[in-house]
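Convention: sequence-line order gives letters A, B, ...; per-chain numbering from 1.
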Protein chains: 2
Amino acid sequence: MNIDSKPYKWQPREQSLGYMINWAARLFAREMDDALRPFGLMSGQLPVFFALADGKPLAQRDLVQLAAVEQSTMAKTLARMERDGLIQRTPDPKDRRSAFISLSPLAEERLPDIAAAVAAINARSHAALAGEDSAHLLELLRRVINGLTDAA
Amino acid sequence: MNIDSKPYKWQPREQSLGYMINWAARLFAREMDDALRPFGLMSGQLPVFFALADGKPLAQRDLVQLAAVEQSTMAKTLARMERDGLIQRTPDPKDRRSAFISLSPLAEERLPDIAAAVAAINARSHAALAGEDSAHLLELLRRVINGLTDAA
DNA sequence: AGATCAAATATAGCTAGCCATGAACATAGA
DNA sequence: TCTATGTTCATGGCTAGCTATATTTGATCT
């Protein structure tokens with residue numbers, strides 16, 4: 001037994017999954033923000049672009065699902081994107097609570113550059129990994145995510 | 001060549017490293033916040049606990065290093081922790097700009113419970129992975145982080 | 001000593017998350 | 001029909017990040 005000076009030994013932070021994942025996420029977000037700033041958008045808006053890039057309008061509720069964020073988070077993200085002229089809302093005639101959301105012409109114009117910037121960062125991060133490790137990392141993350149979402 | 005309907009094909013989100021890492025990080029933070037709320041702290045404060053748990057006071061600058069966040073982020077985190085009575089500052093006699101930061105008695109009292117809560121969540125996330133996959137995941141994250149920090 | 005540069009912290013202002021609550025509308029049941 | 005319940009979105013208030021800038025103090029160089 002060790003009853004001396006250090007009462008609680010935490011794992012060193014490099015061995016804490018939570019710490020490392022948080023760190024990686026912040027680095028990613030920062031890279032994305034840097035790369036996307038010239039085009040007037042930020043990392044939190046990417047899932048919306050992902051979802052609307054094919055031209056099919058979606059309701060806010062669908063975007064919530066796809067981005068896996070809370071409804072209120074998406075509401076604010078969309079408000080900012082609308083403020084910045086990146087999306088448009090057209091009322092749903094069948095349900096007056098809801099609206100169809102689509103990319104604005106401005107946003108569509110910028111899509112190629114945005115896609116290129118995102119691809120570049122993904123490439124950079126994959127470069128740090130050996131080829132098949134990329135797939136492995138994704139698989140491990142998927143398992144962690146499942147573990148954390150299932151057991152509510 | 002494919003020149004039809006869908007102008008830009010993004011990767012499906014489950015294959016985007018940025019998306020998956022961000023998602024996992026949010027799930028982790030949420031778990032931590034839920035588990036720590038009863039003890040009056042939140043996930044962003046954990047690195048500070050990590051760093052101060054052994055009783056040695058540190059300067060804010062050291063905590064910035066250890067948590068790998070920006071100075072302003074740490075400043076605000078510490079302000080909240082001080083507001084909530086979790087840390088104390090004692091002025092550095094050698095440098096009047098700086099102060100030594102240490103856990104308050106209240107915080108030290110809560111350390112065992114906090115350590116247990118954090119360990120429980122780590123255990124849960126590791127459970128979703130086969131034994132050595134845990135180490136592998138950490139190693140892959142380390143590589144991604146290096147890749148993103150090196151190439152500024 | 002005085003001026004200049006560097007270091008430590010604070011502050012302002014923004015995005016992105018979260019939770020909790022409210023408002024408007026839709027739907028189902030009595 | 002009307003009432004109750006559920007859905008969709010908005011809003012307020014919080015933490016955690018970031019950038020950029022200011023403030024104070026230390027360190028250095030003439």
Side-chain angles (χ1 to χ4, degrees), chain A residues 18-19 21-37 40-48 58-65 67-84 86-87 89 91-101 148 152, chain B residues 18-19 21-37 40-48 58-65 67-84 86-87 89 91-101 148 152:
Chain A
Y19 179 84
I21 287 184
N22 172 272
W23 193 3
R26 287 186 289 115
L27 289 171
F28 253 103
R30 189 160 11 171
E31 289 296 314
M32 285 294 176
D33 286 344
D34 286 351
L36 296 176
R37 191 166 300 120
L41 68 148
M42 300 195 72
S43 57
Q45 309 175 353
L46 273 182
V48 177
L58 294 175
Q60 188 181 118
R61 130 188 47 96
D62 303 318
L63 295 171
V64 165
Q65 269 296 354
V69 295
E70 291 302 312
Q71 175 266 323
S72 59
T73 299
M74 183 54 69
K76 271 205 265 187
T77 296
L78 292 175
R80 280 189 291 264
M81 293 181 76
E82 189 173 30
R83 178 200 64 190
D84 297 342
L86 296 171
I87 58 166
R89 315 197 199 211
D92 179 345
K94 308 270 188 176
D95 186 339
R96 293 200 325 235
R97 294 168 300 183
S98 189
F100 291 116
I101 298 169
L148 290 174
Chain B
Y19 180 84
I21 287 184
N22 172 272
W23 193 4
R26 286 186 289 116
L27 288 171
F28 252 103
R30 187 155 18 167
E31 289 297 312
M32 286 294 175
D33 286 344
D34 286 351
L36 296 176
R37 192 167 299 120
L41 69 146
M42 299 194 73
S43 57
Q45 310 175 353
L46 272 181
V48 177
L58 294 175
Q60 188 182 118
R61 130 187 48 95
D62 303 317
L63 295 171
V64 165
Q65 268 296 2
V69 295
E70 291 302 314
Q71 174 267 323
S72 59
T73 298
M74 183 54 69
K76 269 204 267 187
T77 296
L78 292 176
R80 280 189 291 264
M81 292 182 76
E82 189 173 31
R83 177 200 65 190
D84 296 344
L86 296 171
I87 59 166
R89 314 198 199 212
D92 180 344
K94 307 271 187 174
D95 186 339
R96 294 203 323 243
R97 294 168 300 182
S98 190
F100 291 117
I101 297 168
L148 290 175

>> Check whether Asn22(A) reaches the backbone of Tyr19(A) with its side chain - one donor and one acceptor, N or O, closer than 3.5 Å.
In response: no
> Considering heavy-atom distances to DNA chain C, does Arg26(B) or Asp84(A) have its closest nucleotide positioned more toward the 5' end?
Replying inline: Asp84(A)
>> Can you work out whether Arg80(A) or Gln60(B) has the more 5'-proximal nearest nucleotide on DNA chain C?
In response: Gln60(B)
At 4.0 Å (heavy atoms only), tell me whether [X] reaches a base, stays on the sugar-phosphate, or touches nothing.
X        : answer
Ser98(B) : sugar-phosphate
Arg89(B) : sugar-phosphate
Asp34(A) : nothing

Counting just side-chain N and O atoms, does [X] come under 4.0 Å of either OP1 or OP2 of [N]?
X        : N       : value
Arg83(A) : dC14(C) : no
Arg30(B) : dC19(C) : yes
Asn22(B) : dG17(C) : yes

> Between Gln45(B) and Gly40(B), which heavy-atom pair has the shortest distance, and what is it?
Replying inline: OE1-O, 4.3 Å
>> Show the nearest heavy-atom pair for residues Phe100(B) and Pro91(B), with the distance to one decimal.
In response: CD1-O, 4.4 Å
Test item: [X] and [Y] side chains (from C-beta on) under 4.5 Å apart, heavy atoms:
X        : Y         : value
Leu46(A) : Leu36(A)  : yes
Arg37(B) : Asp33(B)  : yes
Glu82(A) : Ile101(A) : no
Met74(B) : Arg61(B)  : no
Val69(A) : Arg26(B)  : yes

> Along nucleotides 20-29 of chain C, 5' to 3', which nucleotides get a B, which get an S, and which get a -, given that the test is a protein heavy-atom distance under 4.0 Å?
Replying inline: B---BBS---
>> I'd like the 5' and 3' limits of the part of DNA chain D contacted by chain B, with heavy-atom contacts below 4.0 Å.
In response: dT15(D) to dG26(D)
> Quick one: side chain to side chain donor-acceptor pair (under 3.5 Å) partners of Arg97(B), sequence neighbours excluded?
Replying inline: Asp95(B)
> dG17(C) P sits how many Å from Met42(A) CE, rounded?
Replying inline: 11 Å
>> Output the rounded distance in Å from CG (Leu78(B)) to C1' (dT9(C)).
In response: 10 Å
> Want to settle it: does Arg61(A) or Glu70(B) sit nearer the 5' end of DNA chain D, counting the closest nucleotide to each?
Replying inline: Arg61(A)
